[in-house]
Amino acid sequence: MTQIGLMLEGQDGLNWERWQRILQAAEELGFQCVFRSDHFTNAAPPEKDSLECWVSLTYAASHTKRIEFGPLVSPTTFRHPAMLVRMAAAVSDLSGGRLVLGMGAGWQEREHTMFDVPFYDFTRRYEMLVDALEITSRLLLSDGRVSYEGKHFSLNDAVLLPRPAKPGHPPILIGGNGPKKTLPLAAKYAEEWNGVFIDPATYRERSALLDELLRQNGREPGDVKRSLMNNCRIFRTEAEMQSALNGRGMTLEQARARGQMFGTPSMIVDQLGEFVQAGVQRFMLQWLDLDDMAGLELMGRDVLPQFEK
């Protein structure tokens with residue numbers, strides 16, 4: 001069964017009222033998951049509400065019963081990986097194993113500057129991510145003490161206690177499309193790969209490359225779940241859709257080329273179906289209007305049931 005969920009930009013106005021309302025709607029309407037970004041602030045002024053990611057995920061663990069959830073993704077620059085994996089293991093247990101741990105290198109310089117978090121060049125951030133993935137994997141999978149000497153982070157006879165209630169949980173997600181950096185990391189460390197803002201043909205190509213990289217790492221293609229994060233805008237009628245397109249000064253084809261699921265319910269179903277054929281098993285639909293509850297209800301009524309078989 002194809003899984004369809006939501007992805008929220010937490011730095012773009014997310015507060016407790018909106019978070020609580022969306023989580024409740026996701027549970028009631030049949031969405032499979034809710035993921036959110038991990039940012040301190042939005043990329044450009046004016047500043048908006050930005051509910052702290054891991055505090056909000058702890059709330060989700062204890063105030064939902066069914067949906068999976070997690071960060072998409074948590075930057076390594078924000079927290080020492082030993083702290084991140086301790087938090088993730090605890091939140092996973094609190095939720096009964098429903099957390100997925102998305103990890104990344106970080107990219108938004110503005111938030112680092114505002115909150116005095118060092119923002120290194122990409123080479124160093126990538127090296128930090130590799131260290132973080134090694135530390136996270138070893139602590140989650142090992143029942144004994146772990147030592148690791150990394151370039152930027154290390155462990156000395158460390159042990160993760162209590163042990164995760166579900167062995168190996170939470171699963172690690174790595175997102176991005178890069179064939180030389182991201183996909184090799186996913187092939188080595190991830191239980192889920194998340195493509196971002198790409199078309200079905202590119203997704204199929206990257207997924208095939210991931211298959212080959214997995215084999216090179218002694219793993220099978222089925223060892224890594226395939227997911228996609230694309231923007232989604234749903235409209236009741238084609239007239240409403242066209243009005244929105246005119247306001248943006250773009251065509252439907254241009255919107256889709258930018259990684260947007262754009263259209264009426266039947267159009268959204270068709271677009272999702274194209275990606276399913278390309279290998280997508282789970283969708284995290286980027287939902288930018290955090291107050292568009294009518295749109296979520298329309299998705300729950302006319303789109304989600306089409307993928308429940």
Side-chain angles (χ1 to χ4, degrees), residues 1 3-40 49-76 78-104 132-133 135-137 139-141 143 159-175 189-192 194 225 227 229 281-287 290 293 296 300 304:
M1 183 177 71
Q3 298 175 337
I4 301 177
L6 302 171
M7 186 275 175
L8 311 179
E9 295 295 347
Q11 74 282 5
D12 203 22
L14 190 64
N15 52 35
W16 281 119
E17 180 181 358
R18 286 170 170 152
W19 183 237
Q20 292 163 342
R21 185 169 61 223
I22 290 172
L23 288 176
Q24 181 178 351
E27 288 257 300
E28 294 175 351
L29 294 172
F31 288 94
Q32 189 270 337
C33 57
V34 176
F35 284 78
R36 55 150 301 178
S37 61
D38 184 359
H39 286 294
F40 292 174
D49 288 345
S50 181
L51 189 61
E52 204 286 321
C53 180
W54 281 92
V55 173
S56 72
L57 296 178
T58 305
Y59 177 92
S62 57
H63 287 76
T64 62
K65 297 180 179 180
R66 180 185 57 80
I67 58 172
E68 291 187 339
F69 59 91
L72 201 65
V73 293
S74 277
T76 305
F78 286 177
R79 308 168 188 90
H80 192 289
M83 178 61 68
L84 180 63
V85 69
R86 283 177 56 82
M87 295 186 334
V91 173
S92 177
D93 281 356
L94 184 63
S95 70
R98 292 181 288 123
L99 175 77
V100 177
L101 176 55
M103 298 174 63
L133 289 166
I135 286 171
T136 300
S137 298
L139 286 175
L140 288 176
L141 296 174
D143 289 331
V159 60
L160 178 63
L161 293 174
R163 300 299 299 145
K166 291 186 176 182
H169 273 242
I172 295 172
L173 176 150
I174 295 176
Y189 296 105
E191 282 76 47
E192 182 168 353
N194 184 251
K225 187 172 187 173
S227 59
M229 194 274 277
Q281 298 168 299
R282 172 168 31 200
F283 295 90
M284 291 84 148
L285 301 178
Q286 186 193 44
W287 201 259
L290 301 179
M293 305 309 293
L296 291 181
L304 301 189

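Heavy-atom basis, side chains included; hydrogens, waters and symmetry copies ignored. Residue numbers run from 1 in the order of the sequence given. Since the model is a prediction, treat every value here as computed from it, not as a measurement.
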Engineer: Would you mind reporting whether I22 and L8 have side-chain heavy atoms less than 4.5 Å apart?
Structural biologist: yes
Engineer: Using distance alone, with no hydrogens and no angle criterion, decide if S37 and Q11 have a side-chain donor and acceptor under 3.5 Å apart.
Structural biologist: yes
Engineer: I'd like to know if the side chain of T136 reaches the main chain of V85, judged simply by a donor and an acceptor atom lying under 3.5 Å from each other, with no hydrogens or angles considered.
Structural biologist: no
Engineer: Is it true that atom CE of M83 has more than 12 heavy atoms of other residues, nucleotides or ligands lying nearer than 6.0 Å?
Structural biologist: no
Engineer: From M87 CE over to T58 OG1, what is the distance, rounded to the nearest 0.5 angstrom?
Structural biologist: 7.5 Å
Engineer: List the atom of D93, the atom of A165, and the distance in Å for their closest heavy-atom pair.
Structural biologist: OD1-N, 3.0 Å
Engineer: Closest approach of S56 and W16, non-hydrogen atoms and distance?
Structural biologist: CA-CH2, 4.0 Å
Engineer: Donor-acceptor pair, T64 side chain versus I67 backbone, under 3.5 Å?
Structural biologist: no
Engineer: When you look at M103 and I174, which way does the side chain to side chain contact (heavy atoms under 4.5 Å, CB included) test go after all the steps?
Structural biologist: CA-CA 6 Å; M103 298 174 63; I174 295 176; 5.6 Å; no
Engineer: Checking E27 side chain against K65 main chain: does a donor-acceptor pair fall under 3.5 Å?
Structural biologist: yes
Engineer: Please round to the nearest 0.5 Å and tell me the distance separating atom CD of E52 and atom CZ of F40.
Structural biologist: 7.0 Å
Engineer: Measuring only between side-chain heavy atoms, which start at C-beta, is L14 closer than 4.5 Å to L290?
Structural biologist: yes
Engineer: Should L51 and Y59 count as side-chain neighbours, where that means a heavy-atom distance under 4.5 Å?
Structural biologist: no
Engineer: Nearest 0.5 angstrom please: L173 CG to L99 CG, how far?
Structural biologist: 10.5 Å
Engineer: So, for L72 and M7, which heavy atoms are closest and what is the spacing to 0.1 Å?
Structural biologist: CD2-CG, 3.6 Å
Engineer: So, taking the atom named CG in L140 and the one named CD in E191, what distance separates them when rounded to the nearest 0.5 Å?
Structural biologist: 8.5 Å
Engineer: Using the test ring-ring contact (aromatic ring centres under 6.0 Å, His included), find all partners of Y189 that sit at least two apart in sequence or belong to another chain.
Structural biologist: none
Engineer: Please report the closest heavy-atom contact between L304 and F31, naming both atoms and the distance.
Structural biologist: CD1-N, 3.6 Å
Engineer: Dump the intermediate steps for side chain to side chain contact (heavy atoms under 4.5 Å, CB included) on D38 and V73, then the final yes or no.
Structural biologist: CA-CA 6 Å; D38 184 359; V73 293; over 6 Å; no
Engineer: Given side chains that start at C-beta, do those of S137 and I172 come closer than 4.5 Å, heavy atoms only?
Structural biologist: yes
Engineer: Can you list the steps and then say if D143 with R163 is a side chain to side chain contact (heavy atoms under 4.5 Å, CB included)?
Structural biologist: CA-CA 7 Å; D143 289 331; R163 300 299 299 145; 3.0 Å; yes
Engineer: Are V100 and E192 packed together at the side-chain level, in the sense that at least one heavy-atom pair is separated by less than 4.5 angstrom?
Structural biologist: yes
Engineer: Between R18 (side chain only) and N15 (backbone N and O only), is there a donor and an acceptor less than 3.5 Å apart?
Structural biologist: no
Engineer: Would you tell me whether E68 and Q32 have side-chain atoms, one donor and one acceptor, within less than 3.5 Å of each other?
Structural biologist: yes
Engineer: I need the minimum non-hydrogen distance between T76 and A132, along with the two atoms involved.
Structural biologist: CG2-CB, 3.7 Å
Engineer: Is any side-chain heavy atom of K225 less than 4.5 Å from a side-chain heavy atom of Q3?
Structural biologist: yes
Engineer: Under the 3.5 angstrom rule, does the side chain of H80 hit a backbone N or O of A82 as a donor-acceptor pair?
Structural biologist: yes
Engineer: Between R36 and E9, does at least one N-O distance fall below 4.0 Å, as a salt bridge requires?
Structural biologist: no
Engineer: Rounded at 0.5 Å granularity, tell me how far CZ in F69 sits from SG in C33.
Structural biologist: 11.5 Å
Engineer: State, with a plain yes or no, whether a side-chain heavy atom of S227 is found less than 4.5 Å away from one of Q281.
Structural biologist: no
Engineer: Hey, does L84 have a side-chain heavy atom less than 4.5 Å from the side chain of R79?
Structural biologist: yes
Engineer: For P81 and I135, which heavy atoms make the closest approach, and how far apart are they?
Structural biologist: CG-CD1, 3.9 Å
Engineer: If I take atom CZ from residue F283 and atom CZ from residue F35, how far apart are they, to the nearest 0.5 angstrom?
Structural biologist: 14.0 Å
Engineer: Any donor-acceptor pair under 3.5 Å linking the side-chain atoms of Q24 with those of Q20?
Structural biologist: no
Engineer: Without hydrogens or angle criteria, can the side chains of S74 and W54 be said to hold a donor-acceptor pair below 3.5 Å?
Structural biologist: yes
